[in-house]
Structure formats: C-alpha cells, structure tokens
There are 2 protein chains.
Amino acid sequence: MSETYIEKLIKIVAKLPSLGSRSARRIVLHMIKKRENVIPELITALQDVYDNIKVCEVCGNYDTNSPCSICCSTLRENQTLCVVQDISDLWALERGGLYKGKYHILGGILSAIEGITPDDLNIDKLLQRISSENITEIILALPATVDGQITMHYISSLLKDKDVKISTLAQGIPVGGELDYMDDGTIKLALDMRKQL
Amino acid sequence: MSETYIEKLIKIVAKLPSLGSRSARRIVLHMIKKRENVIPELITALQDVYDNIKVCEVCGNYDTNSPCSICCSTLRENQTLCVVQDISDLWALERGGLYKGKYHILGGILSAIEGITPDDLNIDKLLQRISSENITEIILALPATVDGQITMHYISSLLKDKDVKISTLAQGIPVGGELDYMDDGTIKLALDMRKQL
C-alpha cells in the first residue's frame, strides 16, 4: 500500500511529453514538499481547463467558447487566413502579436512515414472557409521541413483555381544566427534568396 | 477571458522543477488534446497524494502512515540506519532493494553558500534515535561533494563518543565507467583506494 499513491502519480507525470521517470520523480517530490501551495492550485487549474476548454468549430483553436475569441474578433482582418500545423504554432504567432488576421489549424502535416493523408487533416474545412468567408489571402505557416513543403505544395495545388493570394514564410538565417552554426541547406537557401541592399 | 484557463495552467506547470515555459506549453497542449484520458486521472492521483501522504515522524519519509511502512517493518534490520540527504535518495536505494536496514532523512546537507546550518537539518532526531533505538551502525549515504563530506564529518564528530559503527559509501569508478570520461579527482581517488586482487 505504502508507496502506491506516490508511485501512481509519478507514473502519470512520467508519461507527459518531455518528461521521463527521473524528472517525474523530481516533480512529484517537489509537489509533496510544497503540497499546500502546489497541489490544490494545480488541481483547480486542471479542472478549469477540463470543464471549460472547447475546440473552436471554425479554426480548430482551443478556447472557452466556440467559435473562439480570435474567430469572433472584430478587430482582426477577416480576409486573411494563416494556416498552421498545430495550436502551439498559433500560440507562437500570438506571443509576438505580429499577425492580425485569422487562423486555420490543420492538425498535422502530410507524412508518408507516419501515414498522414489529406483526409487526416482539416483541409476540407479550409476550402469551405475560403469560399464562405471570402478569404483573399492564405499564409501557409507550416514547418520548413520536407513534409511541410509537401503539405504547402498540396494545399496550394488545391487552391490553384481560386482567386486567393498564397504565400509562405520567408526562409533564411534567423535573427542573431551565426553562419558557423547554420547547416549547409540554410546557407545555400539564404545565398540563393539574397536581398539587394 | 479566452486564454486565461490555459495560460494559468501553463504558468503553474512551468514552475515545476526541470520544466520551463516551452515544455509547460507542450505538456498542457498534450493534456488538452488527450483531456478525457489524462486530466481526470491526473486530478485523482494528485488528490490522493494530497489527502493521504504524511511525513513519517520517525525517519522523515513520505507515506500514507506515520511511522512509515519502512519504520514499522519487522523484516528490516532494526539497528542499522542509513542517513540520506533527501527522500529521492531513499527511493534510489529502495529501487535497487539492496539495503535492508532503516533510514533517516536529514532534509539537506550543510552548506556555507546556501546558509544551511546544523539547526536546519534533522540531526537532533538522529541522535535521539541512535540512543532510543539502540542503533549499532550508521551508513552516511550523503552526496560525494564537498558539502556532503563536511556534513558526514560533522555528523561523525557528534557520534565520536557513542558506541556506533559509522561508514560512508565507497567512492571510485562507477560500474561501466570508462577512464577517459572520469574527472581527475575520481581517478586519483580510485588509484589511491585501489584493491589488491
């Protein structure tokens, strides 16, 4: 009996992404040491998320309401959609506050290895939205990987006949990046795409 | 309102040891994606730990009862105490199942830098136990650091006049360790302490 509650909590925590059994043990020990401060607060926060968070029926974002606050916002451009792989990408763009249009979450990218086909992605809904919401510009903010490129190519081929501007994020050396640490592919691409001063 | 519940949970998770804001975001996104499977189970496990885990009044271990199951066990040697810095060290020793005596958790080690003095540690209780439980052997299983050595020296000086055998863990090359990867201090120590075959 003795250790079961602790061991069970460690097992659950260890299954979370980016954690293993060692970090799970550290976290659980910390929780028990500071139990009065940590555990009730964490339980409340988990319960609030569990009870209140829904998937937005329009873009696929998580929010307390569906459609989500971004889809409902009257302050955002209505005719630009930024297509992202996952909600974490939406969060990354929102943290900077640099993008003022709306989003569409694909829920993944095409992958031959993982067997992800167009049917597994939220693409039909994207095509519907382009028609029904009079979208004029699509920004494909997908990962700069082979699978990301294939997905962008696939989506842009579907949109060929529609009257919509399609763009992808610029590629090159990141801000603050040192050449010495860049891979050959990035350096070649940055050279090919060099900008006249 | 929109993101508050999610943001609040991310903030709480990010404060746990070995996590930062990026891994907290990954974990919370995973929790929301699999919420039916993950969140209720995690809440129950947290609540069980919160409601049931106590600090053992004898050794300082966490358990559902106080005294804990190790202190109450009749199958363990009664006269040997293994002194450890923290409960994670007790867990490490118990995982191997190699030690069959009882434990005493110091709750830290002496540290001039962090300002930890003997009064901050569970040392008085250790001295009491040695008398009241007729302890004949103390194993000081403290970290092999300078602070650990100082703490071991301090405790053994307190026990000088008592009729109790004191030992520390052996130091040297770990099992499977390659010389090339060892620091000079460890190699010197392993040479000095070399064993005749």
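Counting heavy atoms from C-beta on, the side chains of B/I166 and B/L159 come closer than 4.5 Å. Side-chain contact between A/M31 and B/Y50: absent, with no pair of heavy atoms (C-beta onward) separated by less than 4.5 Å.
Note: A/P17 leads A/P17, A/S88, A/S23, A/C68 in heavy-atom pairs under 4.5 Å with chain B. Of the listed residues (A/I32, A/L19, A/I87, A/D86), the one with the most heavy-atom contacts under 4.5 Å to chain B is A/I32. The candidate from A/R22, A/R35, A/R25, A/K15 with the greatest count of non-hydrogen atom pairs under 4.5 Å with chain B is A/R25. Ranking A/L16, A/N65, A/T44, A/L46 against chain B, the residue ahead of the rest is A/L46, based on heavy-atom pairs under 4.5 Å. The candidate from A/I43, A/L42, A/V13 with the greatest count of non-hydrogen atom pairs under 4.5 Å with chain B is A/I43.
At a 4.5 Å heavy-atom cutoff, B/K11 makes no contact with chain A through either its backbone or its side chain. For B/N52, the part lying near chain A is the side chain, with the backbone staying farther off; criterion is any non-hydrogen pair under 4.5 Å. For B/I12, the part lying near chain A is the side chain, with the backbone staying farther off; criterion is any non-hydrogen pair under 4.5 Å. Looking at A/K33, the atoms closer than 4.5 Å to chain B (heavy atoms on both sides) sit in the backbone and in the side chain alike.
When every heavy atom of B/Y5 is checked against every heavy atom of A/V49, the shortest pair comes out as O-CG2, 3.5 Å. For the residue pair B/A45 and A/L9, the shortest heavy atom distance occurs at CB-CD1, 3.8 Å.
For B/S69 and B/D63, the side-chain atoms include at least one donor-acceptor pair closer than 3.5 Å. A donor-acceptor contact closer than 3.5 angstrom links the side chains of A/S66 and A/E57.
Formation of a donor-acceptor pair under 3.5 Å by the B/D51 side chain with backbone atoms of B/D48 is not found in this model.
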